[in-house]
Each structure stands twice: as structure tokens, then as C-alpha cells.
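Okay, so here's the structure we're looking at.
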Amino acid sequence: MGRLFGTFGVRGIVNENITSEFALKIGMAFGTLLKKEQPNKELWVVVGRDTRVSGEMLENALISGLLSVGVNVIKVGIAPTPAIQFACRYFKTDGGVSITASHNPPEYNGIKLLEANGLGLKKEREAVVEDIYFNEDFERVKWNEIGRLEERDIIRPYIDTIKSRVDVDVIKRRKPFVVVDASNGAGSLTLPYLLEELGCKVVSINAHPDGHFPARNPEPNEENLRGFMKIVKALGADLGVAQDGDADRSVFIDEKGNFIQGDKTFALVVKAMLEENKGGLIVTTIATSHIIDEIAKQYNGKVLKTKVGDLIVSRALLEHNGLVGGEENGGVIFPDFVLGRDGAMTTAKIIEIFAKSGKKFSELLEELPKFYQLKTKRHVKGDRKAIVAKVAELAAERYEIDTTDGTKILFEDGWVLVRASGTEPIIRIFAEARSEEKSKEYLNLGLSLLDEALKS
Ligand code: MG
């Protein structure tokens with residue numbers, strides 16, 4: 001991790017560490033990086049934001065910084081992060097900026113810098129931005145070389161491109177009834193309209209942009225969606241879909257009101273895309289369900305497993321020419337469209353799969369290979385990475401292990417992963433097996449190895 005940037009961008013509390021001065025300087029530093037790399041080129045950067053109250057303040061400051069070093073700006077206003085990533089490719093810019101704190105509470109905001117292809121900025125380039133920022137090595141231009149600002153719409157091209165990637169006729173014939181919860185975030189501007197244009201019957205809630213997030217916490221987990229789950233069932237909808245604040249993730253509710261884990265919807269997409277393409281490379285992380293492995297085996301796919309993190313998965317997809325990628329927390333990556341998780345594209349694909357199947361959503365999910373997952377965590381003191389390394393040492397004596405990220409112990413019929421949190425004093429334990437009993441057994445094994453490691 002850098003001095004400013006975390007795993008993907010910088011985040012913090014507005015007017016404490018994320019201030020307008022900070023955004024101004026990041027704009028100047030990013031623009032200076034681009035100019036140093038390509039001094040003779042006319043440079044363009046796309047800038048967009050989610051619905052947070054502080055979005056406009058930070059956007060204005062950041063744009064001002066870019067213009068002051070002679071970089072031109074396309075301002076797209078409020079848009080999902082994947083739409084901003086798409087805009088980099090669509091407008092053929094030299095980079096992009098998404099002003100968002102994703103699923104964090106309303107007092108937070110953040111800045112994600114993007115490559116010309118829309119992918120999160122490379123670590124090496126981020127480090128140069130940090131150098132320029134801390135040394136204040138900004139390349140201000142003369143008054144008559146200041147950048148130009150253009151305002152353009154990306155919402156319409158984004159929706160239209162998604163529509164062109166699915167079978168709209170098949171959806172129109174079935175006319176699925178979908179309830180949408182946009183969390184008052186950036187997806188408010190895209191998801192209800194996309195679904196309606198795909199031919200769905202749409203009821204939307206929390207779909208007016210409001211950066212106070214009055215209805216619910218923008219993290220779309222089961223706890224925050226309890227009310228929504230009841231609504232989906234009570235309305236007799238075919239399914240429900242809920243997004244996070246910047247709409248890169250979509251999570252689904254079946255017609256019975258059940259919360260569906262992200263790796264199951266990812267599995268449905270993987271299955272459909274492997275069938276359509278007669279095979280391909282799937283990229284996911286080592287923490288994702290082996291449902292994916294099982295489906296890949298059945299449909300002529302290969303699976304590449306990376307460390308945890310959507311940016312890592314996106315980079316691997318680009319590097320290895322992967323077909324589709326994803327994680328367990330919702331939001332599938334379609335690399336030929338957007339090099340990042342895309343909640344709207346994920347939703348369109350799921351709706352297409354649902355419409356084609358003629359089945360109920362819960363029936364489709366029932367058909368997936370059965371695995372039982374258990375998760376727990378332990379609060380620990382001291383060096384988390386060292387503790388997890390000790391677990392690896394202990395486990396390696398007795399089992400087959402994988403240390404791509406944390407310590408994963410592999411069995412014939414399941415696995416357990418012991419992994420340090422990147423940000424909190426926590427070690428997480430994930431277990432998965434074909435029966436609930438076995439899954440419990442593997443979870444307990446992970447816990448006992450952790451205890452042993454803590455004692456030694
Ligand atoms: Mg997000």
C-alpha cells in the first residue's frame with residue numbers, strides 16, 4: 001500500500017482527510033503525471049462521481065487541479081463507477097477519476113484514479129502521483145494553456161451498450177417482475193431505466209439520488225437488506241436486485257425473499273458464458289466458492305485464482321485474456337466491456353439467464369452444485385500476517401496448502417482459508433464443503449490451527 005492510496009484509490013472522512021485542497025492537489029498530481037509521460041499530447045481525463053453530499057465539492061476541486069496543469073476534462077457528473085470506467089474507453093481518454101467511497105457511510109468519500117482503458121491505476125503510476133503530491137512538483141501551465149472542460153452524458157451510451165450485449169427479445173417475452181433497491185446511490189440513474197428498457201416490470205425503491213443515504217447503509221449485505229427481502233416477497237416479484245453506493249455491485253433476492261450470495265449469481269453467469277463461448281478462462285479469488293471450479297469443469301472452462309481484490313481480478317483478466325471474473329461479494333467483471341465490477345451489466349446478464357430458463361429464480365439457483373459455506377473471525381493482537389504464516393507452517397506438515405493469499409488448506413471435498421484482514425485487527429476463517437457437517441469440521445480445523453499458531 002502506498003502513502004495515500006489503498007488497494008483501490010484513497011478513502012476517508014470528508015473535511016477531515018478528504019478535503020477540497022486534497023482533491024485539488026490530487027487533480028494537479030494526476031495531471032502532472034500524464035503530462036510527464038506524454039508531454040506533447042493533448043490530454044483528456046473523464047471525471048465522475050457517486051451521489052455523496054461532498055461529491056460536487058470534491059469534483060470541482062479535482063477538475064480545477066487537472067485544468068490548472070493543462071489537462072482537458074470530460075465531466076460526466078453522477079454516474080456508477082463502472083460507467084466512468086466505460087467512459088474512459090468510450091471517449092478514448094488518457095485516464096479517468098471516480099469520486100466515490102463505494103459502500104462506506106455518507107460521511108466518507110474517496111478518489112479512484114483510472115488508466116486509459118478504465119482499469120484502476122497501476123501501483124507504479126500511483127507511486128509517482130504520490131511523489132508529485134508530496135513534493136508539490138506540479139507542472140502548472142501558462143494562462144493560455146489551461147485545460148478545457150466539456151460536460152458530456154455517459155448514462156445513455158452506458159445503458160445502450162449493456163442492452164446490446166444481452167438478448168432483449170427473450171427478456172421482453174418473459175417480462176420479468178423485478179424490484180430494485182438503488183441505495184439512493186449512483187445506480188438510481190441507471191438500473192431502473194435499464195431494466196425497464198430491457199422489458200421488465202420494474203418497481204424501484206430508494207432510487208432518488210441522495211448522498212445522505214436516508215434509507216439504508218449502502219453496503220448491500222443481508223443485514224442491511226432485511227426490509228428489502230420482505231418487499232420482494234410481498235410484491236410477488238420474480239427477483240430483487242440491490243446495489244451499493246457506486247453501483248459496481250449488484251446482489252440478488254429470490255422470489256421467496258432469500259438473500260443470494262454473490263458467488264452463486266457469479267456461478268450462473270459463468271455457466272451461461274462458458275456455454276455461449278464453448279469454454280474460456282474464469283478469474284476469481286481463492287476465497288470464492290468452488291462452485292465455480294465445478295461449473296468450469298462441466299463446461300470446458302479453466303479457473304485462475306488470485307489474491308482477494310476486484311482490481312487484482314480485473315488485471316489478471318486483462319493479462320490472461322480471461323472471459324469473465326468475479327468475487328463472492330456481488331458484481332461480475334466483463335473485461336471486454338468494463339475492466340472492473342459492473343453491477344448493471346451483471347444484472348442484465350442475470351435477467352437474460354432468468355428469462356431464457358423459463359424457471360423460477362430459486363429453481364435456477366437450486367441447480368447449481370451444492371456447497372456449504374461457513375465464515376467466522378477472530379480478533380487478534382500482533383502481526384496478523386505473521387500469525388497466518390505460522391498457520392501455514394503448521395498446516396503444511398499435515399495437509400496440502402495454497403498460500404496465494406493467507407493460508408488455504410485443500411481437501412478432496414472442500415477447503416478452509418485463514419486470512420488476515422487488510423484493514424482491521426481480525427483474522428477471518430472461511431470453510432466450504434459438500435456437507436454442512438464437513439464444512440463445520442474444516443472451520444473448526446482452521447480455528448484450532450489458528451489457536452495453535454497464537455500459542456506458539
Ligand atoms: Mg462499490
Side-chain angles (χ1 to χ4, degrees), residues 5-12 14 18 48-55 58 76 78-88 96-114 118-121 154-155 158 162 180-191 194 206-207 209-211 213 215-225 228 241-252 261-263 265-266 285 287-288 308-315 325-334 337-347 422-423:
F5 297 99
T7 48
F8 192 174
V10 49
R11 254 183 233 180
V14 172
I18 305 292
R49 61 183 168 94
D50 68 14
T51 59
R52 285 165 198 276
V53 175
S54 57
L58 297 172
V76 295
I78 295 176
T81 295
I84 298 163
Q85 293 179 281
F86 169 70
C88 294
V97 184
S98 178
I99 299 168
T100 176
S102 185
H103 57 273
N104 289 142
E107 63 272 24
Y108 282 78
N109 213 334
I111 299 170
K112 289 179 171 180
L113 302 181
L114 306 170
L119 190 64
L121 204 68
I154 193 59
I155 300 296
Y158 175 68
I162 293 175
V180 172
D181 178 345
S183 79
N184 304 103
S188 305
L189 302 185
T190 46
L191 197 62
L194 169 68
N206 309 327
D210 186 340
F213 302 131
R216 67 163 168 91
N217 180 307
E219 169 68 11
N221 59 21
E222 189 167 356
E223 198 186 321
N224 293 332
L225 296 178
F228 182 60
V241 52
Q243 295 198 311
D244 71 329
D246 68 333
D248 62 338
R249 288 189 286 144
S250 278
V251 305
F252 295 84
Q261 290 295 340
D263 30 22
T265 41
F266 177 39
T285 78
T288 304
V308 172
D310 57 308
L311 194 49
I312 298 169
V313 175
S314 300
R315 284 202 184 107
E327 289 184 289
E328 84 291 352
N329 58 3
V332 180
I333 303 160
F334 301 84
F337 174 49
V338 168
L339 283 165
R341 287 187 304 221
D342 191 330
M345 186 60 232
T346 305
T347 307
T423 48

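It should be emphasised that the depicted structure is a prediction, and the values quoted were computed from it without experimental measurement. Counting starts at 1 for both ligands and their atoms, in listed order. What's counted below: heavy atoms across the whole structure, side chains too, no hydrogens, waters or symmetry copies.
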Q) What distance separates I99 CD1 from I84 CD1, expressed to the nearest 0.5 Å? A)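 Spacing of CD1 (I99) from CD1 (I84) equals 8.0 Å.
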(Q) So, at under 2.8 Å, which protein N, O or S atoms would a careful student list around the Mg ion (ligand 1)? (A)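 As for protein N, O or S atoms lying under 2.8 Å from the Mg ion (ligand 1), they are S102 OG, D244 OD2, D246 OD1, D248 OD1.
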Q) Can you say whether the rings of F86 and F337 are parallel (under 30°), tilted (30 to 60°) or perpendicular (over 60°)? A)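 Tilted, since the angle between the ring planes falls between 30° and 60°.
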(Q) Any non-hydrogen side-chain atom of S54 less than 4.5 Å from a side-chain atom of Y108? (A)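 Result no, sub-4.5 Å side-chain heavy-atom pair not found.
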Q: Could you walk me through whether R11 and N109 pass side chain to side chain donor-acceptor pair (under 3.5 Å), step by step?
A: CA-CA 6 Å; R11 254 183 233 180; N109 213 334; over 6 Å; no
(Q) For R216 and D181: C-alpha separation, side-chain torsions, deciding distance, then whether salt bridge (Lys or Arg N to Asp or Glu O under 4.0 Å) applies. (A) CA-CA 10 Å; R216 67 163 168 91; D181 178 345; 2.9 Å; yes
Q) Per the side-chain hydrogen bond (donor to acceptor under 3.5 Å, both in side chains) rule, which among S250, S188, S183 passes with Q243? A)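 Answer after filtering S250, S188, S183: S250.
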